[in-house]
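Quick note: numbers below take in every heavy atom, side chains included, and nothing from hydrogens, waters or symmetry partners. Note that ligands are numbered from 1 as they come in the structure, with each ligand's atoms numbered from 1 the same way.
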Amino acid sequence: MTTPPICDYEGSDYQASFWDKGGREYEDRAEAIALKRLLPAQGHLLLELGAGAGRNTTRYRGFERIVLLDYSRTQLEQAQQRLGKSDKYVYVAADAYRLPFVAGLFDAATMIRVLHHMADAPRALGQVKDVLSSDGVFILEYANKLNLKSILRYLLGRQKWSPFTRDPVEFVKLNFDFHPKAIRSWLKDMGFRIEKTLTLSHFRIGLLKRIIPTGILVFFDSLAQWTGAWWQLSPSVFVKAVRRDARPEPSRRGIPPYLHGQDTILSYFKCPDCSHSPLVDKSDFLECPGCGKKWGVKDGICDFREPIN
Ligand SMILES: [Zn+2]
């Protein structure tokens, strides 16, 4: 099955070079505030798409269980070291364009700094919609092409692409910025209702970050975040969208598995190739009775990227 090209962080020291030593404490703390404002205080099962090394995962502590998904196995290994192996965390290496989960499974999902690398954003968003339950909450962060810096650069003739058009811009290979109107129309067309929009990182300017204490920048950013309800001109935008089904499918009217004592992790999965579920647990791998493919399980990470046959 062909999928769009994937931005793979395998073997990357992204967590250390970008977050820990990259002078991004301001952005990280602004994100923590936005997540607190948008996430339900508690829930059952949350899917973290593009979890990386688990930088945000502990911020979802109100959920009973969190499924960390990333395309890079080494990123998930770093997350395991940070969070430990416990029943609370499930580690899954998989392609966001081919999610290995049964429909309607999650009551919440987050995708932070991930859409930025998606060549086919609507396809990835559609996958998230499918695995959310009716009334499921989706917290999406995207990089905004209509930010003040790009508008100024464009008006001064220093940037070729227009920030005003709706199409995504790929400014570096597999790095995309999106127009807020495009994101809104994709989500609405899929049946999401947008409940809140916050703008972030208003002060992502090297000079400001060097001369103004981080706590002060974070404070003013936290106030400015609310202006996202009226306009979005910052480089990063957070959206809270809720899945609304006009007519719930029969399968979604039932009680989700985690509420009637069948919350085995195996019941979460379907085959990403043929969509068959349930898979059969063979200890070292999960076997698909539908197409016969075997999906590896090693050191607590379920790997749905390529079958091991
Ligand atoms: Zn299969």
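The number of heavy-atom neighbours closer than 6.0 Å to CZ of Phe220, taken from other residues, nucleotides and ligands shown, is 12 or below. Remark: Lys88 NZ is packed, more than 12 non-hydrogen atoms of other residues, nucleotides or ligands lying under 6.0 Å away.
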Please step through ring pair (Phe, Tyr, Trp, His ring centres under 6.0 Å) for the pair Phe238 and Tyr142, ending with a clear verdict.
CA-CA 7 Å; Phe238 273 60; Tyr142 63 90; 9.3 Å; no
Step by step, would you call Asp70 with Tyr9 a side chain to side chain donor-acceptor pair (under 3.5 Å)?
CA-CA 9 Å; Asp70 206 279; Tyr9 278 64; over 6 Å; no
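Listed by chain and number, the protein N, O or S atoms at a distance under 2.8 Å from the Zn ion (ligand 1) are Cys271 SG, Cys274 SG, Cys288 SG, Cys291 SG.
With a 6.0 Å cutoff to the six-membered ring centre and a 45° limit on the axis angle, Arg243 does not count as a cation-pi contact of Phe138. With a 6.0 Å cutoff to the six-membered ring centre and a 45° limit on the axis angle, Lys294 counts as a cation-pi contact of Phe285.
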